[in-house]
Enquirer: 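Below is a structure I'd like to ask you about.
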Amino acid sequence: MSQNITDVLMVGATGSIGQLAVRAAQRHGLRPRALMRDVRRAEQLLPGVELVQGDLEDPASLRHAVGGADALGLTHGSGGDPRPDARAHVDYGGVRNILQALDGAQPRVALMTSIYVTRSDIPGATPWKRRSERLLRASSLPYTIVRPGWFDHAGPTQRRLVLEQGGTADGGIARGQIAETLVRSLLTGTALGKTFELTAAEGEEPSDWAELFGALKSDASGSVDGVLDPADLPVEAEPQAVRADLNDIRSLRGTSG
């Protein structure tokens, strides 16, 4: 699927990764717009960037925000939100609400989740980001899902990016490397339909992004899981509301299965 990408809506643009992703998009000649609840606050953090008002938890506010976007960069997260159900409302609900707001549009999507998204053995891990990935795969949109390792746990000589699949990877990555990978994934055909864990190792930064992404396996057509993900969260055993959301997204996009 070939797309001419110019206008990119950045969700989570005031976060530590989001701000870097906005700047990376600008470096690559894209025109980023930033989704904001508080536009005045964002003016200080993102000077010179077009801001659009919207709230991930208010679906009606998102329709205008997503309009006209060629691509979406989703780096939002519930970190720092004290509510016990924040991950359900933000990490998962934000993706659901954006997909529902698209109203038939087909932007390319780069979604950032977590290296531990499929791990049930990690203290504090929840399935909400994995569920958000499933919604995106069910949507039939062109996508790339990036699962970064520990933020900033990478030294200055660790410039080589390591892309792995299957949910067993561990390690660190610089925030700037995450942002660059997200934006590059929007611009590289071989990144389409791929889900991967991202860490950094000793060595040089990538020179051929098409080759880097191209070495990965594609997610299986019609599957809501990443290509090598563990089969330990069966959809049929999920809460009724989660299964209903999957069905709603499939019906909105005209997909089945």
Side-chain angles (χ1 to χ4, degrees), residues 1-13 15 17-18 20-36 46 49-77 90-113 129 132-147 178-196 209 213 218-219 221 224 226 245-246 248-255:
M1 183 175 185
S2 178
Q3 284 180 289
N4 182 25
I5 292 175
T6 302
D7 191 313
V8 182
L9 180 68
M10 293 293 189
V11 179
I17 307 298
L20 294 171
V22 167
R23 300 308 178 198
Q26 291 175 322
R27 286 198 306 274
H28 288 288
L30 303 178
R31 186 171 60 239
R33 291 184 289 135
L35 179 74
M36 292 295 134
L46 297 168
V49 176
E50 181 183 349
L51 307 177
V52 56
Q53 204 281 328
D55 186 335
L56 284 177
E57 296 185 57
D58 177 10
S61 75
L62 298 173
R63 290 193 176 273
H64 169 70
V66 300
D70 304 313
L72 308 176
L74 308 182
T75 64
H76 64 285
V90 179
D91 298 347
Y92 171 82
V95 172
R96 178 196 61 215
N97 292 343
I98 285 172
L99 293 175
Q100 290 176 338
L102 285 170
D103 195 27
Q106 291 271 326
R108 188 156 170 171
V109 183
L111 171 64
M112 180 185 81
T113 59
K129 286 187 177 181
S132 77
E133 291 186 357
R134 285 175 160 179
L135 290 178
L136 180 55
R137 295 190 192 96
S139 73
S140 82
L141 293 171
Y143 70 86
T144 306
I145 296 172
V146 181
R147 299 167 168 174
I178 302 169
E180 182 73 10
T181 302
L182 287 163
V183 173
R184 290 277 192 173
S185 78
L186 293 173
L187 300 172
T188 309
T190 55
L192 273 175
K194 307 285 179 72
T195 299
F196 57 89
W209 288 84
F213 292 128
S218 298
D219 293 339
S221 177
V224 294
D245 285 341
L246 269 175
D248 286 347
I249 294 300
R250 285 173 172 141
S251 63
L252 281 171
R253 314 307 305 183
T255 58

Enquirer: Is any side-chain heavy atom of S132 closer than 4.5 Å to a side-chain heavy atom of L111?
Expert: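 Touching, per the 4.5 Å side-chain cut-off.
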Enquirer: How about R137 and T195: do any of their side-chain heavy atoms sit closer than 4.5 Å?
Expert: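 A side-chain contact exists here, since the closest heavy-atom pair is under 4.5 Å.
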Enquirer: Considering residues at least two apart in sequence or located in another chain, which fulfil the side chain to side chain contact (heavy atoms under 4.5 Å, CB included) criterion with T75?
Expert: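 Partners of T75 under the side chain to side chain contact (heavy atoms under 4.5 Å, CB included) test: I17, M112, L182.
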Enquirer: Testing the basics here: between P59 and A101, what is the closest heavy-atom pair and its distance to 0.1 Å?
Expert: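 Distance-wise, the nearest heavy atoms are O-CB, 4.4 Å.
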Enquirer: Taking salt bridge (charged side-chain N to carboxylate O under 4.0 Å, His left out) as the test, write out the residues that go with R31, two or more places apart.
Expert: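 Counting only residues at least two positions away or on another chain, R31 forms a salt bridge (charged side-chain N to carboxylate O under 4.0 Å, His left out) with D7.
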Enquirer: Taking side chain to side chain donor-acceptor pair (under 3.5 Å) as the test, write out the residues that go with H28, two or more places apart.
Expert: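 With sequence neighbours excluded, H28 shows a side chain to side chain donor-acceptor pair (under 3.5 Å) to E180, given in chain and number order.
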Enquirer: Tell me every residue that passes side chain to side chain contact (heavy atoms under 4.5 Å, CB included) with A34, counting only those two or more places apart in sequence or in another chain.
Expert: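 Per chain and number, A34 pairs via side chain to side chain contact (heavy atoms under 4.5 Å, CB included) with A13, M36, L46, V49, L51.
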Enquirer: Just by modelled atom types, is the I249 backbone N or O under 3.5 Å from a matching donor or acceptor in the R96 side chain?
Expert: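 Judged by distance alone, no pair lies under 3.5 Å.
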Enquirer: Any donor and acceptor pair, going by atom type alone, linking the side chain of T144 with main-chain N or O of A191 inside 3.5 Å?
Expert: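 The answer is yes, because a donor-acceptor pair under 3.5 Å joins these two groups.
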Enquirer: So do T181 and W209 actually touch side chain to side chain, heavy atoms under 4.5 Å?
Expert: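 A side-chain contact exists here, since the closest heavy-atom pair is under 4.5 Å.
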Enquirer: The criterion is ring pair (Phe, Tyr, Trp, His ring centres under 6.0 Å); which residues satisfy it with Y143, sequence neighbours excluded?
Expert: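 Here no residue qualifies.
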Enquirer: Suppose we screen for side chain to side chain contact (heavy atoms under 4.5 Å, CB included). Which residues come up paired with L246, at least two apart in sequence or across chains?
Expert: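 Partners of L246 under the side chain to side chain contact (heavy atoms under 4.5 Å, CB included) test: R134, L135, A138, V224, V235, R250.
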Enquirer: So, using side chain to side chain donor-acceptor pair (under 3.5 Å) as the criterion, who are the partners of T113 when residues are at least two apart?
Expert: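 Residues passing side chain to side chain donor-acceptor pair (under 3.5 Å) with T113: E133.
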Enquirer: Looking at residues at least two apart in the chain, or sitting in another chain, which of them share a side chain to side chain donor-acceptor pair (under 3.5 Å) with D91?
Expert: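 Only S78 meet the side chain to side chain donor-acceptor pair (under 3.5 Å) criterion with D91.
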Enquirer: Quick one: closest heavy-atom pair of P142 and L192, and the distance?
Expert: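 Smallest interatomic distance, heavy atoms only, reads CB-CD2, 3.4 Å.
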Enquirer: Identify the two heavy atoms, one from G67 and one from R33, that lie closest to each other, and give their separation to 0.1 Å.
Expert: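 Nearest heavy atoms, G67 then R33: O-NH2, 3.2 Å.
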Enquirer: For residues Q100 and L62, determine if any side-chain heavy atom of one lies less than 4.5 Å from a side-chain heavy atom of the other.
Expert: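 A side-chain contact is absent here, since even the closest heavy-atom pair is not under 4.5 Å.
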Enquirer: With a 4.5 Å heavy-atom cut-off, do V183 and V8 have their side chains touching?
Expert: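 When only atoms from C-beta onward are counted, V8 and V183 do not touch, as no gap falls below 4.5 Å.
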Enquirer: Is there side-chain contact between L99 and L252, with heavy atoms separated by less than 4.5 Å?
Expert: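 No, too far: nothing below the 4.5 Å cut-off.
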Enquirer: Considering residues at least two apart in sequence or located in another chain, which fulfil the salt bridge (charged side-chain N to carboxylate O under 4.0 Å, His left out) criterion with R23?
Expert: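 In terms of salt bridge (charged side-chain N to carboxylate O under 4.0 Å, His left out), with neighbours along the sequence ignored, R23 is linked to no residue.
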Enquirer: What residues, two or more places apart in sequence or in another chain, satisfy side chain to side chain contact (heavy atoms under 4.5 Å, CB included) together with E57?
Expert: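 If we apply the side chain to side chain contact (heavy atoms under 4.5 Å, CB included) test to E57, skipping adjacent residues, the hits are D55, R83, H89, V90.
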Enquirer: Using a 4.5 Å cut-off on heavy atoms from C-beta on, say whether the side chain of L9 contacts that of I98.
Expert: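 Not touching, per the 4.5 Å side-chain cut-off.
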Enquirer: Compare all side-chain heavy atoms of K194 with those of S218 and state whether any distance is below 4.5 angstrom.
Expert: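 Answer yes - side chains close enough.
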